[in-house]
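Each chain gets a letter, A, B and so on, in the order the sequences are listed, and its residues count up from 1.
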Number of protein chains: 2
Amino acid sequence: MVTIKQVAEEAGVSKSTVSRYISQNGYVSQEAQEKIEAAITKLNFVPNLSARSLKTKHSQIVGLLLPDISNPFFPMLAKGVEKFLKEHGYRVLLGNIGEDNQFEEDYLKVLMQTNAAGVITTNDFREAFPEIKLPTVIVDRVGQKSDFGVFSDNLSGGKIAAHVIVEAGAKKVAVISGPVTAESINNRFKASIAYLKKTKTHYETFYSQSYDFDEILKEAKQVLKHNDFDSIIAPSDIHAMAYIRELHHLGKRIPEDVQIIGYDDILMSQYMYPALSTIHQDAYEMGYEAAKLIYKLSLGQEIKSRQLQLPVRYVERETIRKRESNE
Amino acid sequence: MVTIKQVAEEAGVSKSTVSRYISQNGYVSQEAQEKIEAAITKLNFVPNLSARSLKTKHSQIVGLLLPDISNPFFPMLAKGVEKFLKEHGYRVLLGNIGEDNQFEEDYLKVLMQTNAAGVITTNDFREAFPEIKLPTVIVDRVGQKSDFGVFSDNLSGGKIAAHVIVEAGAKKVAVISGPVTAESINNRFKASIAYLKKTKTHYETFYSQSYDFDEILKEAKQVLKHNDFDSIIAPSDIHAMAYIRELHHLGKRIPEDVQIIGYDDILMSQYMYPALSTIHQDAYEMGYEAAKLIYKLSLGQEIKSRQLQLPVRYVERETIRKRESNE
DNA sequence: ATGAAAGCGCTAACAG
DNA sequence: CTGTTAGCGCTTTCAT
């Protein structure tokens, strides 16, 4: 391993000068720069990050703690995080903490131990682990009391979903609530209900316990067994897909017999058949913005607004009836 | 930050003894153990990993370099890697290097700088960056000359795909090759072709340039424009989905008019309509095994076989005709 | 079984 | 603008 010391000798300067050069901090003459540069390339020197971190007490690592990387929403988010952070010289340590946060503590510990620059997570751990004092931003599943957070306009999302479905002539709708993991998510559900009530549309509510496909499919079978809903508001595209699958099995036509609206707009939803009408939220953007926030936080920069709410929009595809085209 | 020194004072022993205790290395009396334990919990001590790594010259970080985390195959693989590594006290640094390996160098550098325990990657970088000397295992896209690798039995996979489709009465098949990223992947294609030739089945070949949905969809439109294939062998489930989408648009019935077989068996494929018949490869297992390998490598343990080939199997669903049910 | 001491590679005053 | 110095928190001989 080649160290700063060898570079210094090769370049005929002192360690300090080399250090100043590589960390772009402090003065170093043109002449010295060139000699150092030459030495570095000649020796193929790469600074040791452990040593630096030991000294400076902070690293360029940001933890990204996600409940389930196989839910397509999160890889998109991760990409956004990675994009921004990478451009700013930070690295992402990805951790799957599981939907029940089983592994959260492990990861938090490691992040502490490595002087991580911060952590981006879906779960606000501050109550459970007050001793962990890392710059933190919560994404997606943000609560009132969350400090820094980035999330979608779930209230609008839920309302739009209900609106769309009512406009398309819904008479009997099933509203599915996702696992209630955070206030921000629950808002969708509440907003849909509110709209349905206001428009005096008949509805029933159901509570999903999972984001796992197979679990959801079981729930869907149950929900669809004895009822003849003409419309479904799903809490995620994953949920919508499971319901569609079951609807197909039941021989229902979509959207003629029953229409359905998803939430998220994961990549896959446009490739299904029929293509899923859904509420788009920008996971990539969410990640990107969260990364921006954590970056500023880690640098101790001033933050204007602690919570960032991203807009959502309806994406019309094929699972919602055209107005008046049916019924 | 509480250090080993404070723990030592609190426990009334020396730093060395504490060090021996926390790194489970060397003798420490029952009595000392208890005092140290008490001190640690009292002070809420967590060892500083940078300091340790600086001294020992290795960390518990394993890099996982993937071409595209939004391709569902890779999150599954990542989960497998994470599972094993976490159980053994290692951490995963995930990097999206892009299909063209644009960011590979960055990540490799960082891994070097942090004394990473090793790297699991889809791309064999040893020729491009011979100076990077990290324990490495290649996954999925393994080549002849790759040192340590874990991959599927692509030869069998390709052959089975062709076999299934021929048995179901294929008369005119389109064989799509994925982007040729590695020998191991290309083998699928060659095996399918070989089988088709042997059975004197009429076929045409096409070459996909991408794993990006939209790109593939464009290709699919092109391929399906002027031809009337009755069967398609797709190089991945993603590809299959795009083709199915286009087939729907063209008003073709699946599998009556055209049957199609995928590759990978990503989670989504069972939730599409019709559910995709495909060749299953176990991404999770692949990751898990790769992790096992890297773990052993990082510990300098002896490895019996440098290349591990995982079995594949046909998963019958709804996009392949039943024998004799049609034609 | 334990402690003293040296040092990993780097940074940050400080003096010049 | 540059060099000297001290030391970050931990591990590891080597004595004892």
Side-chain angles (χ1 to χ4, degrees), chain A residues 1-37 39-40 43-61 89 109-117 299-300, chain B residues 1-40 43-61 89 109-117 299:
Chain A
M1 162 167 272
V2 24
T3 76
I4 211 179
K5 189 177 167 196
Q6 296 166 49
V7 174
E9 281 162 9
E10 175 74 31
V13 297
S14 77
K15 288 196 319 181
S16 334
T17 309
V18 177
S19 173
R20 272 183 226 113
Y21 173 79
I22 61 175
S23 46
Q24 332 249 25
N25 166 11
Y27 298 98
V28 33
S29 68
Q30 189 61 41
E31 195 194 338
Q33 285 199 31
E34 281 158 19
K35 286 190 294 184
I36 294 173
E37 236 162 88
I40 286 181
L43 299 179
N44 216 320
F45 165 79
V46 275
N48 180 313
L49 261 23
S50 300
R52 177 179 293 172
S53 161
L54 175 58
K55 183 67 186 175
T56 62
K57 285 167 172 9
H58 50 80
S59 76
Q60 313 297 87
I61 288 189
K109 220 171 194 172
V110 172
L111 290 171
M112 284 248 66
Q113 292 179 313
T114 43
N115 300 316
L299 261 34
Chain B
M1 162 167 271
V2 24
T3 76
I4 210 178
K5 190 177 167 194
Q6 297 165 48
V7 174
E9 281 163 8
E10 176 75 29
V13 297
S14 76
K15 290 195 316 180
S16 332
T17 308
V18 177
S19 173
R20 271 182 227 110
Y21 173 80
I22 60 176
S23 48
Q24 333 249 21
N25 166 12
Y27 297 98
V28 32
S29 66
Q30 190 60 41
E31 196 194 338
Q33 286 199 31
E34 281 157 18
K35 286 189 295 184
I36 294 173
E37 237 160 86
I40 286 181
L43 300 179
N44 215 320
F45 165 78
V46 276
N48 180 314
L49 261 23
S50 300
R52 177 178 292 172
S53 161
L54 174 58
K55 184 68 186 174
T56 62
K57 283 165 174 10
H58 50 78
S59 76
Q60 314 296 87
I61 289 189
K109 221 171 193 170
V110 172
L111 290 171
M112 284 247 66
Q113 292 179 314
T114 43
N115 299 316
L299 259 36

Rounded to the Å, how far apart are [X] [atom1] and [N] [atom2]?
X	N	atom1	atom2	result
B:I40	D:dG9	CD1	C1'	14 Å
B:R52	D:dC8	CZ	C1'	16 Å
B:Y27	D:dT13	OH	P	15 Å
A:K15	D:dG7	NZ	P	14 Å
B:Q113	C:dC10	CD	P	10 Å
B:Y21	C:dA1	OH	C1'	16 Å

Nucleotide nearest [X] (side chain, heavy atoms from C-beta), chosen from [options]:
X	options	result
B:L54	C:dA6, C:dT11, C:dG9	C:dG9
A:N25	D:dG9, C:dA1, C:dA12	C:dA12
A:K55	C:dG3, C:dT2, C:dC10	C:dC10
A:I4	C:dT11, C:dA12, D:dT2	C:dT11
A:M1	C:dG3, C:dG9, C:dT11	C:dG9
A:R20	D:dT11, D:dG3, D:dG7	D:dG3
B:A51	C:dA1, C:dG9, D:dC10	D:dC10
A:K57	D:dT2, C:dT2, D:dG9	D:dG9

Checking all strands, does [X] fall into the base, sugar-phosphate, or nothing category for heavy-atom contacts under 4.0 angstrom?
X	answer
A:T17	sugar-phosphate
B:T56	sugar-phosphate
B:V18	nothing
A:S29	sugar-phosphate
A:F45	sugar-phosphate

Let me see the working for A:Y27 and A:R20 under side-chain contact (heavy atoms from CB on, under 4.5 Å), right down to the final yes or no. CA-CA 7 Å; A:Y27 298 98; A:R20 272 183 226 113; 5.7 Å; no
For the atom pair [atom1] ([X]) and [atom2] ([Y]), what is the distance rounded to the nearest 0.5 Å?
X	Y	atom1	atom2	answer
A:H58	B:S50	NE2	OG	11.0 Å
A:K35	A:I40	NZ	CD1	13.5 Å
A:S53	B:L49	OG	CG	9.5 Å

It should be established whether A:S19 places a side-chain nitrogen or oxygen under 4.0 Å from OP1 or OP2 of nucleotide C:dT11. yes
Tell me whether the OP1 or OP2 atom of C:dG9 has a side-chain N or O from A:T3 closer than 4.0 Å. no
Any donor-acceptor N or O pair under 3.5 Å, side chains A:T17, A:S14: yes
Under the side-chain contact (heavy atoms from CB on, under 4.5 Å) rule, what do B:V13 and B:V18 come out as? Steps first, then yes or no, please. CA-CA 7 Å; B:V13 297; B:V18 177; 3.8 Å; yes
